[in-house]
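Comments concern the structure below.
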Amino acid sequence: MYKNNDFHDLMKNRRSIRAYDENVKITHEEMLEMINEATSAPSSVNMQPWRFVVADSAEAKAKLRPLVRFNTTQNDTSSAMIILFGDKNAFENGEKIYSTAVAKGLMPEEVKNKQLPALSAMFKDATESELERISLIDGGLVAMQFMLVARAYGYDTNPIGGFERDEVAKAFDMNTKRYTPIMILSIGKAKEAGYPSYRLDAQDITSFK
């Protein structure tokens, strides 16, 4: 039983949106508000490896269009296409993140002084595949959080996994050695209601031991 009816309605009415109202444009200020709220998502040791490229200009969308395969309707009609990358060098922000947490009274300084050296050694020894795995997991968490935030703001979204990853990174001047393309989120106001989809029952996908 849901205790929050608003969340219940939000999840119950979730639809996969392809076509958006082309007249609806999201301001950069509101987009940044939504991203700020989305980035409260969990993150491994709080390194926040997510990076957002918001393609909302005609030029950016034209650059993106041939790279999104069968998702050109979303590209053409959405207010924006948010390209989500994972930063495999996210630990470079470790000092800033932990020092700011101390300054804001969110973390004791002794905790920072204990954790950062240990994390530095861990990240130094981590393989590229391990760093990529972290960014993919954290990226998935922040993407879902952004979709929920966007819905609360009255917008619709569609997660897109079918796109030319290497080409997208190069097209938007992202270092392909450092940044891993995770997914693209289209966002705007739905022009069509979209279709609900069937989900397997919890009993079919869950085991208790």
Side-chain angles (χ1 to χ4, degrees), residues 16 26 28 31-56 60-61 63-64 67-71 74-75 78 80-102 104 106-107 111-112 114-152 155 157-187:
S16 183
I26 300 172
H28 288 184
M31 185 69 75
L32 289 172
E33 283 181 17
M34 290 189 287
I35 291 174
N36 268 325
E37 292 192 31
T39 55
S40 64
S43 167
S44 179
V45 295
N46 198 27
M47 284 304 111
Q48 308 166 45
W50 40 65
R51 301 292 179 264
F52 301 83
V53 174
V54 180
D56 62 355
K61 283 191 168 190
K63 188 185 297 185
L64 186 59
L67 306 178
V68 292
R69 300 180 184 172
F70 307 109
N71 301 290
Q74 295 96 308
N75 184 75
S78 65
M81 298 283 276
I82 303 169
I83 312 168
L84 178 61
F85 293 89
D87 183 3
K88 286 179 282 192
N89 292 0
F91 187 70
E92 289 182 1
N93 288 317
E95 178 64 39
K96 176 181 180 180
I97 291 169
Y98 277 57
S99 293
T100 304
V102 171
K104 290 181 176 291
L106 304 174
M107 174 186 289
V111 173
K112 174 208 164 188
K114 180 180 179 181
Q115 288 190 358
L116 267 186
L119 292 173
S120 179
M122 183 187 80
F123 277 91
K124 181 180 179 181
D125 293 337
T127 65
E128 185 171 341
S129 63
E130 288 172 332
L131 295 173
E132 183 171 295
R133 184 181 65 84
I134 291 171
S135 69
L136 289 172
I137 292 172
D138 286 8
L141 290 168
V142 81
M144 188 69 250
Q145 183 114 322
F146 180 86
M147 294 172 72
L148 293 171
V149 168
R151 193 72 187 90
Y155 297 113
T157 56
N158 180 230
I160 297 169
F163 61 95
E164 306 300 332
R165 281 170 164 72
D166 289 342
E167 287 83 348
V168 162
K170 292 174 184 175
F172 290 90
D173 302 318
M174 301 294 285
N175 184 331
T176 56
K177 295 289 186 182
R178 175 170 181 166
Y179 298 103
T180 300
I182 298 173
M183 71 177 73
I184 298 174
L185 298 170
S186 60
I187 182 171

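This one's a predicted model, so the numbers in the text were calculated from it and none came from an experiment.
- Between Phe123 and Phe91, the ring-plane angle classifies as parallel under the 30° and 60° cut-offs.
- With a 4.5 Å cut-off on side-chain heavy atoms, Phe163 and Asn71 do not count as touching.
- Atom-to-atom distance recorded for Met31:CE and Phe52:CZ is 10.5 Å, nearest 0.5 angstrom.
- Put simply, the side chain of Asn75 gets close to the backbone of Lys61: a donor and an acceptor are under 3.5 Å apart.
- Defined by atom type and a distance below 3.5 Å, a donor-acceptor pair is missing between the side-chain atoms of Glu95 and Asn93.
- Rounded to the nearest 0.5 Å, atoms CE (Met183) and CG (Asn158) are 11.0 Å apart.
- Heavy-atom minimum distance, Ala126 versus Leu131: CB-CD2, 3.8 Å.
- Here the CD-CG distance, from Glu37 to Leu32, works out to 12.0 Å after rounding to the nearest 0.5 Å.
- Asp56 places no side-chain N or O within donor-acceptor distance of the main-chain N or O of Ile26, the cut-off being under 3.5 Å.
- Heavy atoms only, all atoms of each residue included: Ser44 and Asp138 are closest at N-OD2, 2.9 Å.
- Side chain to side chain, Ser40 and Gln145 meet the donor-acceptor criterion of an N or O pair below 3.5 Å.
- Between Met81 and Ile160 the shortest side-chain heavy-atom distance falls below 4.5 Å.
- For the side chain to side chain contact (heavy atoms under 4.5 Å, CB included) with Ile83, the qualifying choice from Leu185, Val54, Ile184 is Ile184, the only one to do so.
- At a threshold of 4.5 Å between non-hydrogen side-chain atoms, the residues Leu84 and Phe146 do not count as touching.
- Taking 4.5 Å as the limit, some side-chain heavy atom of Ile97 sits within range of a side-chain heavy atom of Gln48.
- Of the charged side-chain nitrogens involved, none lies within less than 4.0 Å of a carboxylate oxygen, so that Glu130 and Lys88 do not count as a salt-bridged pair.
- Atom CZ of Arg151 sits about 8.5 Å away from atom OG1 of Thr157, to the nearest 0.5 Å.
- The line from OG1 of Thr100 to NZ of Lys112 is 9.0 Å long, rounded to the nearest 0.5 Å.
- Note that the CD1 atom of Ile134 and the OG1 atom of Thr180 stand 11.5 Å from one another [nearest 0.5 Å].
- Proximity of a side-chain donor or acceptor of Ser99 to a complementary backbone N or O of Lys96 within less than 3.5 Å is not detected.
- Residues Arg51 and Val53 have side chains not in contact (no heavy-atom distance under 4.5 Å, counting atoms from C-beta outward).
- For Trp50 against Ser43, the heavy-atom pair with the smallest separation is CH2-CB, 3.6 Å.
- Residues Ile187 and Ser78 share a closest heavy-atom pair of O-CB, 3.4 Å.
- Closest approach of Ser135 and Gly86 over heavy atoms only: CB-CA, 3.6 Å.
- Two residues are said to be in side-chain contact when any heavy atoms from C-beta on lie closer than 4.5 Å; Ile182 and Phe85 fail this criterion.
- A distance-only check finds no donor-acceptor pair linking the side chain of Arg178 to the backbone of Met174 [under 3.5 Å].
- The side chain to side chain contact (heavy atoms under 4.5 Å, CB included) test with Met34 singles out one residue from Thr39, Val149, Ile82, and that residue is Val149.
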